[in-house]
Amino acid sequence: MDGFSPDPQWQGKATAKVAGPTADQAWSLLGDFCSLNKWFTSLSACHILEGSNNVPGCIRYCAGSINKANPTESVGWAKERLVEYDKVNRYYTYEIIESNKGFGRYKATLRVQLDPAGCLIEWSFQSDPVKGWSEKAFLSFFESMTRGVAKRLEEEIIGTH
């Protein structure tokens, strides 16, 4: 992920196995840039503000209940630009362009990979330090979020509850 100066920054990667569903089945759901609220339960909204969904340059708005940077505000929100979208290799990269959640520069890639037991969700990021979070706490949250997405995919595709 380019575009960052050599200033101190955070980066991380979380992976979660999804038992049962194939990578193509998972991508058919996760590959929708504006479906994040279906897989990340603390988000109440995710919709297109500009451009066409899944087309690089489009901007989505995501809002939800988590906002450690501004705890007095009931909603944390971010506007995110799709930077790259690759249907064949099952990944997209996006960046936060505006937020009230303490983010400066932030770029992430969501990828669905093949795995013998089903598929693997890989979510990686690079960012400036995020206001209201320690790096360790943010990484833990990021890993938990990725596991939660994998669990919701299993529930949706193979009906495990």
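In this structure, OG1 in Thr15 is found 12.5 Å from CZ in Arg111, a value given to the nearest 0.5 Å. Atoms NZ and OG, on Lys107 and Ser127 in that order, are 12.5 Å from each other to the nearest 0.5 Å. To the nearest 0.5 Å, atoms CG (Leu49) and CD (Glu98) are separated by 9.5 Å. How far NZ of Lys79 is from CG of Asn100: 11.0 Å, rounded to the nearest 0.5 Å. From Arg147, atom CZ reaches atom NZ of Lys17 across 14.5 Å, with rounding to the nearest 0.5 Å. Note: Leu82 CG to Asn54 CG = 7.0 Å, rounded to the nearest 0.5 Å.
Residues Thr41 and Arg152 have side chains in contact (heavy-atom distance under 4.5 Å, counting atoms from C-beta outward). Contact of the Glu95 side chain with the Glu80 side chain is not registered, since no non-hydrogen atoms from C-beta on lie closer than 4.5 Å. Residues Cys58 and Ser52 form no side-chain contact, since every pair of their non-hydrogen atoms from C-beta on lies 4.5 Å or further apart. Using a 4.5 Å heavy-atom cutoff, the side chains of Val112 and Leu120 are not in contact. At least one side-chain heavy atom of Trp39 sits less than 4.5 Å from a side-chain heavy atom of Leu153.
Side chain of Ser35 to backbone of Gly31: no donor-acceptor contact under 3.5 angstrom is found. Looking at Asp128, its side chain does come within 3.5 Å of a backbone N or O of Arg105 through a donor-acceptor pair. Listed for the Tyr92 side chain is no donor-acceptor partner under 3.5 Å among the backbone atoms of Pro56.
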Stepwise side chain to side chain contact (heavy atoms under 4.5 Å, CB included) test for Glu122 and Tyr91: CA-CA 9 Å; Glu122 179 185 285; Tyr91 76 89; over 6 Å; no
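Glu135 approaches Gln11 most closely through the heavy-atom pair OE2-N, 4.3 Å. Here the shortest heavy-atom pairing between Leu29 and Ile157 reads CD1-CG1, 3.6 Å. For the residue pair Cys46 and Asn37, the shortest heavy atom distance occurs at CB-OD1, 3.4 Å. Of all heavy-atom pairs between Ile96 and Ser99, the closest is CG2-CB, 3.8 Å. Nearest approach of Lys101 to Val130, heavy atoms of both residues: O-CG1, 3.8 Å.
Both the sub-6.0 Å distance and the 45° axial angle are satisfied by Arg60 relative to the ring of Phe33.
For Trp77 and Phe103, the distance between ring centers is not under 6.0 angstrom.
The hydrophobic clustering, which links ILVMFWY residues whose side-chain heavy atoms are closer than 4.5 Å, places Phe141 and Ile121 together. Cluster membership for Val18 and Met145, using ILVMFWY side-chain heavy atoms within less than 4.5 angstrom, is shared. Both Val149 and Phe125 belong to a single network of hydrophobic side chains, linked directly or stepwise wherever heavy atoms of I, L, V, M, F, W or Y lie under 4.5 Å apart. Transitive grouping of hydrophobic side chains (ILVMFWY, heavy atoms separated by less than 4.5 Å) brings Trp123 and Leu30 into a common cluster. Ile59 and Tyr94 fall into different hydrophobic clusters, defined by Ile, Leu, Val, Met, Phe, Trp and Tyr side-chain heavy atoms under 4.5 Å apart, directly or through other members.
Taking the six-membered ring for Trp and thresholds of 30 and 60 degrees, Phe138 and Tyr106 have ring planes more than 60 degrees apart, a perpendicular arrangement.
Using a 4.0 Å cut-off between charged side-chain N and carboxylate O, Glu154 and Lys151 make no salt bridge.
Residues satisfying the salt bridge (Lys or Arg N to Asp or Glu O under 4.0 Å) test with Asp24, not counting sequence neighbours, are Arg90.
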